[in-house]
Amino acid sequence: MNNQPFATDFRTETHHTSRRSYSEYLRPVAFLCWPCFFVLSGCATLGLTKKDDEYDLAKRAIESYEDAEGNFIRPEGIRADKQRGSDLPKFLQKIPGIGPRPKDIEKARSLYSEAVQLFDEAKTLEGDERVAKFHIAGKKFDEAGKYWVSSYLEQDAYMMAGESYFFAEEYPRAEDRFVKLLKEYPRTRYQDRVDKRRMEIGDYWLQFPDRFYNVNFTDRRKPWNDTAKHGERVLEKMRLDSPTGRLADDVTMRLANNAFKNEKWAEAVELYKDLITTYPDSAHQFEAHLLGIKSALQSYRGSEYGQEPLEQAEKFLKQIKQFPEEARREKEQIDSLYTELINRKAERLYSQATYRYNKGEARSARIKCNELLKDYENTAFADPARELLAKMQELPDEPTQPLAYMEKWFPSNDKTASLVKPPPTHALDSHKQDEVSRTATQEFLKTPSTQGSLGPR
């Protein structure tokens with residue numbers, strides 16, 4: 001029975017029982033269990049390995065790099081996942097231009113080494129030779145990555161190609177390589193370096209107020225048209241690609257300041273609000289509050305429009321008190337903005353009072369004037385409000401309706417009119433009588449009786 005270890009082990013865990021009886025009992029059970037073992041193990045022994053298992057094996061075969069903590073990372077690109085889920089037959093994937101390029105690891109490594117050597121040589125040069133050498137290195141990095149897609153080498157090649165084109169002052173090409181890197185490897189270890197380069201490119205392009213019809217054919221540092229808009233798109237894409245990166249608040253502030261410079265006041269207010277809310281620890285907090293006040297006041301279009309910009313400016317002014325040192329340093333400017341806000345709100349109330357006065361609604365006009373004198377007595381609109389109140393002393397609260405005598409001939413069909421109109425005089429008199437009677441009854445019940453148990457007769 002030495003050829004039955006399973007039965008022997010099982011016997012050792014039980015009480016004293018004959019070996020022969022358990023062996024005879026377990027022989028048919030073992031015969032039935034072995035096929036189940038093959039099925040549960042993925043049928044690899046039978047040659048029926050699943051597609052997912054093949055993919056996992058291929059994924060483990062990809063070379064990895066070691067990070068600073070000693071962990072080995074396998075940076076597989078997005079295209080590997082797409083290829084895995086592709087329904088395209090394998091013989092079609094081998095056709096050039098349809099499937100992936102055949103992998104040649106040795107050639108990819110050789111080209112990458114040549115590109116690194118060219119990059120190091122370019123750093124020692126100056127002038128046009130330096131630019132030309134960096135350009136050649138960038139092309140070599142591009143070529144190296146194509147021979148080993150979805151690998152650590154392609155990730156490095158994208159990064160180094162972007163760096164090469166950046167130092168060659170070919171900023172559109174550099175931006176393109178950085179975008180491809182983030183798209184193919186969204187969790188790349190080069191995120192912070194890429195953000196820094198893209199912000200430098202976006203800042204540079206924002207300096208040129210080119211329009212869409214200004215076509216560029218000669219300057220390799222700029223896109224072919226609409227340079228400033230390309231700069232905005234680069235920075236906006238950075239906010240989407242890296243919302244929690246180290247430069248996320250700097251990018252938001254840069255976009256807000258650009259909108260402020262171009263007098264896009266509503267857009268600037270939203271960007272400053274976004275920075276204040278999303279990045280509370282940012283070094284730009286005070287500046288965002290201060291410029292947010294200015295943008296909100298500039299976006300206010302007058303008393304004929306909504307007062308949301310004034311409310312937002314007032315909110316910024318209240319919040320700016322949390323920066324006492326900076327607020328003390330900019331006290332004169334903040335006081336000036338506060339004075340402007342108060343006068344704008346007083347102007348709004350006076351405009352509303354004037355509008356009600358012209359319509360003959362003296363009661364509403366008096367309310368607005370009194371509110372103005374209560375809250376903004378020291379503004380330039382206080383005296384006009386007092387003059388307007390003097391004009392309305394003899395005016396009725398509501399305007400006289402024209403042709404009021406014709407109401408009895410043309411009654412209203414409004415079912416709610418009776419709820420709005422005051423009740424007639426006789427109804428008020430009967431209501432008062434009922435109230436007096438009810439009060440007298442309550443007083444009578446409270447008075448103790450002195451005429452016996454039945455009360456007065």
Side-chain angles (χ1 to χ4, degrees), residues 206 209 211-212 226 228-229 231-233 235-236 239 252-278 284-321 327 330-389 392:
L206 285 177
R211 303 301 179 183
F212 67 93
D226 211 1
K229 286 294 183 181
E232 290 182 19
R233 281 191 285 270
L235 298 179
E236 289 172 355
R239 298 182 66 211
T252 306
M253 191 66 183
R254 187 68 184 89
L255 285 170
N257 290 343
N258 183 69
F260 185 92
K261 183 184 70 173
N262 295 324
E263 299 183 358
K264 299 178 181 179
W265 308 118
E267 181 180 346
V269 170
E270 293 302 319
L271 287 169
Y272 288 129
K273 284 172 57 179
D274 190 11
L275 187 144
I276 291 169
T277 305
T278 310
H284 305 293
Q285 280 284 328
F286 175 76
E287 186 180 2
H289 280 86
L290 186 61
L291 295 178
I293 299 170
K294 295 181 180 180
S295 302
L297 291 175
Q298 290 291 340
S299 64
Y300 178 65
R301 303 182 62 184
S303 57
E304 294 82 7
Y305 299 89
Q307 62 177 351
E308 289 80 7
L310 298 182
E311 294 175 352
Q312 186 59 58
E314 186 175 11
K315 184 177 180 180
F316 283 146
L317 276 167
K318 291 179 179 179
Q319 293 176 346
I320 208 170
K321 296 178 181 179
E330 300 292 340
K331 183 178 183 303
E332 183 177 352
Q333 185 175 184
I334 294 175
D335 290 344
S336 176
L337 293 173
Y338 178 75
T339 302
E340 182 179 357
L341 172 64
I342 294 302
N343 279 277
R344 292 283 179 87
K345 297 182 76 172
E347 178 190 17
R348 185 176 185 84
L349 285 174
Y350 180 73
S351 177
Q352 293 174 352
T354 305
Y355 174 77
R356 297 298 180 183
Y357 171 76
N358 293 333
K359 291 187 65 177
E361 300 175 0
R363 181 181 179 184
S364 298
R366 291 191 191 98
I367 293 174
K368 294 298 180 182
C369 288
N370 290 327
E371 183 178 353
L372 190 156
L373 294 174
K374 177 184 176 182
D375 297 335
Y376 311 108
E377 186 178 5
N378 297 326
T379 62
F381 297 92
D383 291 337
R386 294 188 184 94
E387 296 176 0
L388 189 60
L389 281 174
M392 295 185 293

Who passes side-chain hydrogen bond (donor to acceptor under 3.5 Å, both in side chains) against [X], sequence neighbours left out?
| X | value |
| --- | --- |
| K318 | none |
| E267 | none |
| D383 | R386 |
| D274 | R239, T278 |

Closest heavy-atom contact between [X] and [Y]?
| X | Y | answer |
| --- | --- | --- |
| T252 | L271 | CG2-O, 3.7 Å |
| C369 | L388 | SG-CD2, 3.7 Å |
| A346 | Y376 | CB-CB, 3.9 Å |
| A385 | L372 | CB-CD2, 4.1 Å |

Roughly how far, to the nearest 0.5 Å, is the [atom2] atom of [Y] from the [atom1] atom of [X]?
| X | Y | atom1 | atom2 | result |
| --- | --- | --- | --- | --- |
| T339 | R344 | OG1 | CZ | 12.0 Å |
| Q352 | I367 | CD | CD1 | 11.5 Å |
| N258 | E232 | CG | CD | 5.0 Å |
| L389 | E387 | CG | CD | 10.5 Å |
| T379 | N343 | OG1 | CG | 5.5 Å |

Got a list of side-chain donor-acceptor pairs under 3.5 Å for residues 307-317, not counting sequence neighbours?
{"from": "Q307", "atom 1": "NE2", "to": "E311", "atom 2": "OE2", "distance (Å)": "3.4"}
{"from": "E314", "atom 1": "OE1", "to": "K345", "atom 2": "NZ", "distance (Å)": "3.0"}

For residues 357-364, which side-chain donor-acceptor pairs fall under 3.5 Å, sequence neighbours excluded?
{"from": "N358", "atom 1": "ND2", "to": "T354", "atom 2": "O", "distance (Å)": "3.2"}
{"from": "E361", "atom 1": "OE1", "to": "R356", "atom 2": "NH1", "distance (Å)": "2.9"}

Taking only residues two or more places apart in sequence or in another chain, which ones pass salt bridge (Lys or Arg N to Asp or Glu O under 4.0 Å) with E270?
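E270 satisfies salt bridge (Lys or Arg N to Asp or Glu O under 4.0 Å) with K273 only.
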Applying side-chain contact (heavy atoms from CB on, under 4.5 Å), can you list everything that pairs with D375, at least two apart in sequence or on another chain?
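Checked D375 against side-chain contact (heavy atoms from CB on, under 4.5 Å); matches are E371.
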For A288, all residues meeting side-chain contact (heavy atoms from CB on, under 4.5 Å), sequence neighbours excluded
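M253, Y272, L275, I276.
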Acceptor/donor pairs from residues 293-300 side chains to any protein atom, 3.5 angstrom cut, sequence neighbours excluded:
{"from": "K294", "atom 1": "NZ", "to": "Q333", "atom 2": "OE1", "distance (Å)": "2.3"}
{"from": "S295", "atom 1": "OG", "to": "L291", "atom 2": "O", "distance (Å)": "2.8"}
{"from": "S299", "atom 1": "OG", "to": "S295", "atom 2": "O", "distance (Å)": "3.3"}
{"from": "S299", "atom 1": "OG", "to": "A296", "atom 2": "O", "distance (Å)": "2.8"}
{"from": "Y300", "atom 1": "OH", "to": "G302", "atom 2": "O", "distance (Å)": "3.2"}
{"from": "Y300", "atom 1": "OH", "to": "S303", "atom 2": "N", "distance (Å)": "3.2"}
{"from": "Y300", "atom 1": "OH", "to": "R348", "atom 2": "NH1", "distance (Å)": "3.2"}

Please verify the inter-ring angle class for F381 with Y350; under 30° counts as parallel, over 60° as perpendicular, anything in between as tilted.
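Aromatic pair F381/Y350 classed tilted.
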Does K374 have more than 12 heavy atoms from other residues, nucleotides or ligands lying within 6.0 Å of its NZ?
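No, not enclosed.
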OH (Y355) with more than 12 external heavy atoms under 6.0 Å
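No, not enclosed.
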Sequence neighbours left out, what pairs pass salt bridge (charged side-chain N to carboxylate O under 4.0 Å, His left out) with at least one residue falling in residues 330-339?
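Those involving residues 330-339 are K331-D335.
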Side chain proximity check, K261 to L206, heavy atoms < 4.5 angstrom
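No; the side chains remain at least 4.5 Å from each other.
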